[in-house]
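Naming convention: chains lettered A, B, ... in sequence-line order (proteins, then strands); numbering from 1 in each chain.
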Number of protein chains: 2
Amino acid sequence: MGLRERKKLAAWRTIRSTALRLINERGFDAVSVEDIAAEAGVSRTTFFSYFASKEAVVFDLDPDEVRQWRDALENCRTDTPVWEALTDLALNLARLLADRLPLQKRLLEQSPGLCRSARGACDGFEPELREWLGRRCPDADDVRISLILNTAMAAITTAVDAWDPDQPYERFLELVSDCLRWAGAGPARATS
Amino acid sequence: MGLRERKKLAAWRTIRSTALRLINERGFDAVSVEDIAAEAGVSRTTFFSYFASKEAVVFDLDPDEVRQWRDALENCRTDTPVWEALTDLALNLARLLADRLPLQKRLLEQSPGLCRSARGACDGFEPELREWLGRRCPDADDVRISLILNTAMAAITTAVDAWDPDQPYERFLELVSDCLRWAGAGPARATS
DNA sequence: GTAAGAACTTGTACTCGGTCCAGGTTTGGG
DNA sequence: CCCAAACCTGGACCGAGTACAAGTTCTTAC
C-alpha cells in the first residue's frame, strides 16, 4: 500500500471521525459541511471528493468494514436454507456495525431529515447481496429475488426502528433475528 | 365549500398538472421549481406553500384521492384475514393511482434522484395504515405491527420496481397481488 | 536523482432547493 | 361596508452540491 493510499485512508478517517464528533455534539442539521471540512483541516471540495453527500459521512462504510463484509459474503455456508443464511449474514453485518450503529440510531431519532437517506444506506449492500442471492437461488426469477431481498431489508429496518440505542447491543441482535424469523415465516400465517 | 377553498384546490391542481407536464417533457432534473411556478402563474414561495418539496409535487395525493383512500380504509371488511384485507387495500390504492403511476414510474426510471423520495411517498400512508392495523390486530405488539406494515410496503415496492410502465395496468395489479401473496406466505418457505 | 505526468487538493463561482419575513391583496363574517 | 384572517408575493438569505482552473504532492520510468 503506497503512501498515497495510506494518506487517503487517513484523510477519510479524519473527516469521518471529525464529522461524527461534531454531529454528535450539535446534531446533524446544526453542522454544515463547511464546519466539518474546516474542523478536519480540509476544504469543502475535498469533503465532497470523499463523500457523495452530507448524509454519506454518517452511513458510508470504512474500507476495512467493506472488506470484512465481502469476506462474510464469500465464506457464507451453502448448506443451510437461504433464509437462514441471509439471517446469518444480517447478524454478521450487525456485529460489524456495532461501533457506529447506536450513534447512527440516535441521530436518526433526532433529525428526521436523515431518515430518508437511511433507506439509501441499505441500498449500498443491495447489488452484491442480490448477486449472492442470484447465485444461491439459480432457479428463482428476478421478481422473486427482489422480493426476498426487500422483505429481508424490511425486517432489518423494522429491527432498527424498534431498537432503543440505549439498550445493550445484544438486544438489537435479538430484534434482527426475531424480525427476520417472523418475516421469513410470513405475516399471513401469524395473524388472524 | 367556500370560494377560498375552491380557489386553493384549483391552484393546487394547476400547479400539479403544470409540474407534471413540464417534468414529463424535460425530465425531473431539468425542470426547476422556478420553471414550474412561472408556468403555473404563481410565485416560488407559493409553490412551497402547496408542496413541501419539489418531489412532493410528483407524489402528493389529490385531496379527492385522499378522501377515497380514507373511505377505503373505513369501509374495509373485517371478516377476512388481515393479510388478505391488506392486499385488498393495496389493490384498491393501486387502482386509485392508475392515472399517475405509469408516469411516476417512468420518471423514477429516468432520474435516480427521485427514487430516494419515492420511499418517502409511501410513508405518507403509514400512520393511518398503522392505526388501522392496530385496530385490526389488538393483541399484536408494536414491533409485529411494524413488521407487517414494512413487509407489505416491501412487497408493493417490489411490484412497482418490477413493473414496466408500458405494460397494461392490469399487469401491475397482478404483480402487486403476487408479491403480497409471496411475501405473506413467507420467503423462508418458498426457497430451498 | 530527476523529470514528466498522474492523482489529489484548493478556492472560486455558480445553480438550485428550501426558509424566512415584511408588506400588499383578497376573502369571509359580522 | 369594514375589519381581521388568510393568502400571495418579492427579496434576502442559507446550505448542499457541481464545475473548473490552478496549484501541490506523489509515482514512475528513465
> OP1 or OP2 of dC8(D) sitting under 4.0 Å from any side-chain N/O of Tyr50(B)?
Replying inline: yes
> Is the backbone of Asp35(B) close enough, under 3.5 Å, to the side chain of Ser32(B) for a donor and an acceptor to pair up by distance?
Replying inline: yes
> Rounded to the nearest Å, what distance is computed from the CZ atom of residue Phe51(B) to the C1' atom of nucleotide dT19(C)?
Replying inline: 18 Å
> Is the cationic atom of Lys54(A) (NZ for Lys, CZ for Arg) positioned less than 6.0 Å from the six-membered ring centroid of Phe28(A) and within 45 degrees of its normal?
Replying inline: yes
>> Looking only at the aromatic ring of each residue, does the gap between the centers of Trp163(B) and Tyr169(B) stay below 6.0 angstrom?
In response: yes
> Just to confirm, is there a sub-4.0 Å distance from OP1 or OP2 of dT10(C) to any side-chain nitrogen or oxygen of Ser43(A)?
Replying inline: yes
> Is there a donor-acceptor contact under 3.5 Å linking the side chains of Ser146(B) and Arg130(B)?
Replying inline: yes
> When every nucleotide of nucleotides 15-21 of chain D is labelled 5' to 3' by its protein contacts under 4.0 Å (heavy atoms), B for base, S for sugar-phosphate only, - for none, what sequence of letters results?
Replying inline: -BBBBB-
> Heavy-atom count around Glu170(B) CD within 6.0 Å, excluding the residue itself: above 12?
Replying inline: no
>> Using the rule given for salt bridge (Lys or Arg N to Asp or Glu O under 4.0 Å), can you reason through Glu39(A) versus Arg21(A), listing the C-alpha separation, both sets of side-chain angles and the distance that settles it, and then say yes or no?
In response: CA-CA 10 Å; Glu39(A) 186 86 8; Arg21(A) 180 168 55 78; 3.2 Å; yes
> Just by distance, do the side chain of Thr14(A) and the backbone of Ala10(A) share a donor-acceptor pair under 3.5 Å?
Replying inline: yes
> To the nearest angstrom, how far is Lys8(A) atom NZ from dA7(C) atom P?
Replying inline: 10 Å
>> Can you confirm whether or not the ring centre of Trp12(A) sits under 6.0 Å from the ring centre of Tyr50(A)?
In response: no
Close N or O pairs between protein and nucleotides 22-25 of chain D (under 3.5 Å):
from	atom 1	to	atom 2	distance (Å)
dT25(D)	O2	Arg4(A)	NH2	2.9

